[in-house]
S.K.: 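The following block contains the structure, expressed as structure tokens.
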Amino acid sequence: FGNILVGGLFIGAVAGYYFSSSIIYFIRNLNQIFKGQDRIHYLILAVLAVGLFLDAPGIFVGALVVAAFKEVISGAGK
């Protein structure tokens, strides 16, 4: 892809489609995850995620948009 943002959006969309249930589970249970004993691991993971977001925001945006869309569509069919 010629544009890094557009390429990141496509990659994020594919990742969001396949990992939508994991992404939604992580977002819904974020408070419980950080209450565990491995806080330093999650702190390092959060710093890494922020760094990756600053470098390639399209991947994160694409993944979140597609995961949310898939969740809404699958929730509407229930």
Side-chain angles (χ1 to χ4, degrees):
F1 299 109
N3 190 343
I4 294 174
L5 182 62
V6 174
L9 286 171
F10 281 123
I11 292 170
V14 171
Y17 180 78
Y18 285 108
F19 297 108
S20 63
S21 60
S22 299
I23 293 169
I24 298 298
Y25 175 81
F26 180 76
I27 292 172
R28 286 185 178 164
N29 298 311
L30 197 60
N31 192 24
Q32 294 173 354
I33 290 172
F34 284 113
K35 286 184 179 178
Q37 295 178 353
D38 294 335
R39 290 184 189 160
I40 190 71
H41 291 71
Y42 291 113
L43 178 66
I44 293 170
L45 180 62
V47 170
L48 177 66
V50 169
L52 289 173
F53 177 75
L54 292 175
D55 193 40
I59 294 173
F60 289 87
V61 172
L64 289 176
V65 167
V66 170
F69 181 73
K70 188 176 175 186
E71 184 70 16
V72 168
I73 295 299
S74 67
K78 290 182 180 178

S.K.: Tracing side-chain links under 4.5 Å among I, L, V, M, F, W and Y, which residues wind up in one group with Tyr17?
M.R.: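 Result for Tyr17 is Val14, Tyr18, Phe19, Ile23, Ile27, Leu64, Val66.
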S.K.: Which value, rounded to the nearest 0.5 Å, describes the distance between Glu71 atom CD and Ser21 atom OG?
M.R.: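 These two atoms lie 8.5 Å from each other.
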S.K.: Roughly how far apart are Leu5 CG and Ile59 CD1, rounded to 0.5 Å?
M.R.: 10.0 Å
S.K.: Hey, could you give me the CG/CZ distance between Asp55 and Phe60, rounded to the nearest 0.5 Å?
M.R.: 9.5 Å
S.K.: Name all pairs fulfilling the salt bridge (charged side-chain N to carboxylate O under 4.0 Å, His left out) condition that reach into residues 8-23, sequence neighbours left out, sorted by first residue then second.
M.R.: none
S.K.: Once rounded to the nearest 0.5 Å, what's the spacing between atom CG of Leu48 and atom CG of Leu52?
M.R.: 4.5 Å
